[in-house]
Amino acid sequence: MSTTEQHAAPAEPDPGAVNAELRRYLADHAAPLACADALLRDLDGRLLIVDPTYKDGWDLPGGMVGDELLADALARELREELGIDAETGRLLAMDAVPADRLG
């Protein structure tokens with residue numbers, strides 16, 4: 001194997017296949033879609049990240065907002081994903097992506 005082959009970037013997933021499954025999932029949610037994620041740190045300053053079973057890659061704990069306030073959605077997601085009751089703090093950031101860039 002050549003050096004170029006060893007360091008080649010991983011193949012990108014087929015966006016059509018990934019988005020088809022995601023589109024089916026999101027079709028059950030009211031628009032506009034919103035997510036709430038948490039930055040959780042321990043006393044040593046380490047950041048908690050999770051490896052969700054429903055998608056590839058590491059992420060912050062959190063998830064989709066239903067018919068609820070952002071802080072309530074985040075608290076619910078933390079209970080569901082981590083089994084913890086956490087008091088949410090202030091909003092740190094907002095971001096948006098184009099509608100055709102699901103996920």
Side-chain angles (χ1 to χ4, degrees):
M1 183 179 287
S2 73
T3 304
T4 305
E5 290 172 330
Q6 290 175 351
H7 298 289
E12 289 292 320
D14 174 14
V18 172
N19 285 339
E21 183 177 341
L22 187 56
R23 285 178 203 277
R24 283 192 297 276
Y25 172 75
L26 295 176
D28 292 334
H29 292 80
L33 297 174
C35 294
D37 294 332
L39 289 173
L40 299 175
R41 293 182 176 267
D42 67 10
L43 295 175
D44 293 324
R46 295 176 296 187
L47 179 66
L48 175 69
I49 57 174
V50 295
D51 187 10
T53 58
Y54 57 89
K55 66 180 181 179
D56 291 334
W58 293 88
D59 206 347
L60 295 171
M64 304 229 5
V65 176
D67 185 18
E68 58 201 328
L69 297 173
L70 292 173
D72 294 341
L74 182 56
R76 175 185 51 75
E77 286 288 342
L78 294 176
R79 277 192 308 278
E80 291 174 2
E81 290 185 5
L82 304 175
I84 63 172
D85 287 316
E87 187 174 319
T88 58
R90 64 187 173 92
L91 177 66
L92 296 179
M94 289 182 59
D95 190 16
V97 294
D100 62 350
R101 171 67 171 77
L102 297 175

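Computed from a prediction, not measured in an experiment: that's the story for all the values here.
- Under the side chain to side chain donor-acceptor pair (under 3.5 Å) criterion, the residue pairs touching residues 40-52 are Asp42-Arg46, with sequence neighbours excluded.
- In terms of heavy-atom proximity, Arg76 sits nearest to Met64 at NH2-O, 2.8 Å.
- The hydrophobic cluster containing Leu48 also contains Ile84, counting ILVMFWY residues as joined when their side-chain heavy atoms lie under 4.5 angstrom apart, directly or transitively.
- When the side chains of ILVMFWY residues are joined at heavy-atom separations under 4.5 Å, either directly or via intervening members, Ile49 and Leu39 end up in a single hydrophobic cluster.
- Of all heavy-atom pairs between Ala73 and Val65, the closest is CB-CG2, 3.8 Å.
- Put simply, the side chain of Glu81 gets close to the backbone of Gly62: a donor and an acceptor are under 3.5 Å apart.
- Residue Leu91 shares its hydrophobic cluster (ILVMFWY side chains chained together at separations under 4.5 Å) with Met94.
- Annotation: the span from Asp67 atom CG to Asp72 atom CG amounts to 11.0 Å, rounded to 0.5 Å.
- In this structure, Glu87 CD and Leu74 CG are separated by 11.5 Å, a value rounded to the nearest 0.5 Å.
- In terms of heavy-atom proximity, Ala86 sits nearest to Leu78 at CB-CD1, 3.8 Å.
- Using a 4.5 Å cut-off between side-chain heavy atoms of Ile, Leu, Val, Met, Phe, Trp and Tyr, with links allowed through other members, Val50 and Leu40 fall into the same hydrophobic cluster.
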